[in-house]
Protein chains: 2
Amino acid sequence: MADTSPRVHASRAPTLNDVAQLAGVSMATASKAVNGRAEVAEKTRRRVLAAASEIGFTPNGLAQSLVTGRTKTVGLLTSDLEGRFVLPILMGAEDAFGSGEISVLLCDARGDRIRENYHLKALLNRRVDGIIVVGRSTDPRNSLGQQLPVPVVYAYAPSDDPRDQSLAPDNRAGGRLAVEHLISVGRRRIVHITGDPGYAAAQDRAEGFHEGMAAAGLTPVDEVMFGSWTEGWGRDATAVLLQRHPDIDGFVCGSDQIARGALETLRDFGRSVPEDVAVIGYDNWEVLATNSRPELTSIDCTLQGLGRQAAKRIFEALDGAPVSGGTELFQPKLVIRGSTIASR
Amino acid sequence: MADTSPRVHASRAPTLNDVAQLAGVSMATASKAVNGRAEVAEKTRRRVLAAASEIGFTPNGLAQSLVTGRTKTVGLLTSDLEGRFVLPILMGAEDAFGSGEISVLLCDARGDRIRENYHLKALLNRRVDGIIVVGRSTDPRNSLGQQLPVPVVYAYAPSDDPRDQSLAPDNRAGGRLAVEHLISVGRRRIVHITGDPGYAAAQDRAEGFHEGMAAAGLTPVDEVMFGSWTEGWGRDATAVLLQRHPDIDGFVCGSDQIARGALETLRDFGRSVPEDVAVIGYDNWEVLATNSRPELTSIDCTLQGLGRQAAKRIFEALDGAPVSGGTELFQPKLVIRGSTIASR
DNA sequence: TAGCTGTCCGAAAGGCGTTTCGAAAGTTTT
DNA sequence: AAAACTTTCGAAACGCCTTTCGGACAGCTA
């Protein structure tokens with residue numbers, strides 16, 4: 001009597017053995033045929049492949065990994081709740097070796113050390129080929145230690161242990177890039193509003209800002225305004241600065257959120273952007289940058305490239321490349337929109 | 001001569017066999033001891049556990065999965081580039097069975113059918129226990145088909161095939177919840193601005209809006225304004241409405257972005273929020289909702305619960321629970337902030 | 001002491017592929 | 001037709017763990 005029960009998931013997934021039987025060859029031959037190895041006659045190969053596709057054979061990656069020692073999977077350990085940093089990095093890692101080649105296990109520790117440990121164990125238990133640790137700021141974070149059985153790369157937030165491999169955005173270069181752009185569009189009376197002074201990102205970007213100003217022979221109109229990474233701070237700081245120096249013509253902001261706040265206050269003050277004042281943000285967070293009026297020029301940290309590089313590093317280490325610790329800096333790039341140059 | 005070479009990753013990870021040898025028992029006993037099974041004397045168990053921790057044994061999940069048929073891993077297939085929807089869902093899925101119990105492979109298809117297929121193959125190859133498909137809007141998306149060897153659950157965007165299991169936010173309820181809240185804070189002259197009329201989310205929320213109004217015996221001040229899901233549209237539509245009906249006292253917006261735009265235009269028109277006009281958004285996207293002036297009351301889709309439920313569904317199906325197709329709707333909740341009620 | 005019950009442990013069979021190495025078959029050379 | 005290669009295939013070991021099932025031994029009863 002035919003089985004008429006509704007869909008049941010996979011009585012059993014077809015195995016290589018099934019394929020071999022159907023094709024009338026041994027498992028060894030079937031394996032070679034499926035994997036495109038040379039020592040199998042073309043005719044046999046076709047027979048095997050036909051059998052494989054007939055029963056819908058998919059090799060069992062678990063068994064493959066068990067024997068090859070590679071899972072082609074990396075773990076991404078993060079505390080970036082927003083996903084602002086981690087998603088571009090994930091996409092980069094996925095792409096590092098072509099589409100679908102490597103997969104990523106994403107674990108969100110939510111800033112909790114204990115949960116991070118659970119996730120770490122789960123990743124090792126699943127035998128990931130390596131781990132990318134993504135911090136939520138560019139401040140160094142504590143190392144996972146040197147004892148892990150797989151390569152670890154720290155991305156965005158470098159590790160505090162110089163023996164580890166870290167990849168981080170070059171915030172100094174970004175700050176400089178931002179101010180150079182404002183100067184290149186004719187601004188001279190420039191200020192810098194940024195976030196929490198306890199963040200390395202704030203300090204580094206400010207440093208780059210000063211460098212760029214000095215290189216052009218300019219002096220900032222006022223001290224750097226440190227505060228928080230919020231629109232509210234952007235609004236308040238902008239108001240203060242405009243009152244003190246009504247002739248400011250350029251704002252370098254430490255984040256897109258701060259820049260959004262600046263734009264709002266400039267509106268309130270009746271300044272038009274970019275004609276009277278140019279504003280540049282940082283992070284190139286699309287949803288913020290492209291929804292403002294005018295759209296926001298910003299510095300992009302090229303996180304996708306950073307993710308790609310992180311994945312490459314892991315597999316290099318696995319292939320025996322010498323591991324040199326330290327932090328590699330990634331160059332940011334400028335994304336120009338309407339807040340610094342009037343659209344045609 | 002001792003090997004003094006620098007850290008090399010895992011000469012070889014210790015296996016259960018190593019543990020057994022060290023403890024002087026068989027692999028079978030070692031396995032039972034490690035897994036806390038009963039048929040092993042307490043003394044022996046302690047000896048085995050000591051050996052295990054001495055050499056830092058971690059069971060090889062690949063081998064475990066090979067034999068148990070469960071990987072305790074689910075695939076999350078998405079095209080949500082922002083991560084706005086997928087990350088809460090991921091966190092929910094991770095948590096469904098306690099921390100670190102199940103892991104999630106996140107694949108971003110970037111809206112590309114071919115890439116989606118690659119990822120799908122990769123997931124099946126890794127023998128995930130199930131797949132959660134996350135769309136980027138609440139419109140039905142095409143089914144992955146009925147032929148997959150693992151349970152599939154569609155989240156956020158339901159499948160267009162009623163045989164599939166889908167979980168989606170109840171947008172009608174959300175629209176109604178929003179308008180009921182405005183009414184409860186004394187608003188009567190209410191309008192609705194929302195996004196692209198081609199989106200089911202826009203239509204459903206608008207329907208809920210009308211329901212809520214009718215239930216209170218009110219009539220909307222104007223037609224529903226359909227447009228796009230952007231701040232720009234929020235600004236423009238608000239301006240139009242205010243010109244037509246200067247006495248509007250409540251805006252129900254179809255997204256937080258639209259609401260942000262509305263707030264901005266209300267400022268331009270000199271209206272104060274929430275005193276003169278109350279504004280409510282949708283999605284409860286923190287970065288937008290908590291950075292506006294005033295902060296934005298919004299409707300939260302409780303996506304984390306949706307993710308948790310999706311994971312539960314997968315393992316239920318795996319355990320043989322009958323799979324009933326169709327879409328289960330998730331109730332949204334109201335998050336009150338300053339744009340509808342003056343903070344104390 | 002013989003017989004019985006219960007506790008604890010281990011041999012071995014899976015689970016699914018990959019790889020090595022030797023054997024068989026086919027082809028070419030003298 | 002015999003010898004010397006090539007080419008093609010398969011048996012078996014291996015990777016690491018779980019689970020079943022039978023055996024050994026201790027302790028108990030009659």
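Note on naming: letters A, B, ... go to the chains in the order of the sequence lines (proteins, then strands), and numbering restarts at 1 for each one.
Applying the 4.0 Å criterion to OP1 and OP2 of C:dT18, one finds that A:Arg37 has every side-chain N and O outside that range. Dashed line: the shortest gap from a side-chain N or O of B:Thr29 to OP1 or OP2 of C:dG10 is under 4.0 Å. At D:dC17, none of the side-chain N or O atoms of B:Ser31 fall inside 4.0 Å of OP1 or OP2 (strictly under the cut-off). For the pair A:Asn35 and C:dT18, the criterion of a side-chain N or O lying under 4.0 Å from OP1 or OP2 is met.
Atom NZ of B:Lys32 is separated from atom P of C:dC9 by 9 Å (rounded to the nearest Å). Between the CG atom of B:Asn60 and the C1' atom of C:dG15 there is a distance of 13 Å, rounded to whole Å. Atom NZ of A:Lys43 and atom P of C:dG26 are 11 Å apart (whole Å). For A:Leu16 and D:dC14, the CG to C1' distance is 16 Å, given to the nearest whole Å. A straight line from NZ of A:Lys72 to C1' of C:dT18 spans 14 Å, rounded to a whole angstrom. Across the protein-nucleic acid pair, B:Asn125 atom CG and C:dC16 atom P stand 14 Å apart, rounded to whole Å. Counting to the nearest Å, the P atom of C:dC16 and the CD atom of A:Gln21 are 13 Å from each other.
The side chain of B:Ala41 has C:dC8 as its nearest neighbour among C:dC8, C:dA12, C:dT18.
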Contacts table for residues 120-134 of chain A: side-chain donor-acceptor under 3.5 angstrom, sequence neighbours left out:
| unit_1 | atom_1 | unit_2 | atom_2 | d |
| --- | --- | --- | --- | --- |
| A:Arg126 | NE | B:Thr73 | OG1 | 3.0 |
| A:Arg126 | NH1 | A:Ala122 | O | 3.4 |
| A:Arg126 | NH1 | B:Ser103 | OG | 3.3 |
| A:Arg126 | NH2 | B:Lys72 | O | 2.6 |
| A:Arg127 | NH1 | A:Leu124 | O | 3.0 |
| A:Arg127 | NH2 | B:Thr58 | O | 3.1 |
| A:Asp129 | OD1 | A:Thr71 | N | 3.1 |
| A:Asp129 | OD1 | A:Thr71 | OG1 | 3.4 |
| A:Asp129 | OD2 | A:Thr71 | N | 3.3 |
| A:Asp129 | OD2 | A:Lys72 | N | 2.7 |

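No side-chain N or O of A:Thr15 forms a donor-acceptor pair with one of A:Asn17 less than 3.5 Å apart. Side-chain contact of A:Asp164 with A:Ser159: a donor-acceptor pair under 3.5 Å is present, judged by distance alone.
In this structure, A:Pro14 and B:Met27 both approach DNA chain C, and ranking their closest nucleotides by distance from the 5' end singles out B:Met27. If you find the closest nucleotide of DNA chain D to A:Arg127 and to B:Glu39, the one lying nearer the 5' end belongs to A:Arg127.
Between A:Asp319 and A:Lys312 there is no salt bridge, since none of the side-chain N atoms of the basic residue sits less than 4.0 Å from a carboxylate O of the acidic one.
Every pair passing side-chain hydrogen bond (donor to acceptor under 3.5 Å, both in side chains) that includes a residue from residues 75-93 of chain A is listed here, sequence neighbours excluded: A:Arg84-A:Asp283.
By the 30° and 60° cut-offs, the orientation of the rings of B:Tyr156 relative to B:Phe85 is parallel.
Using a 4.0 Å cutoff on non-hydrogen atoms, the parts of residues 62-71 of chain B near DNA chain D are B:Ala63, B:Gln64, B:Val67, ordered by number.
Taking CD of A:Glu94 as the reference point, atom CZ of B:Arg110 lies at 5.5 Å (rounded to 0.5 Å).
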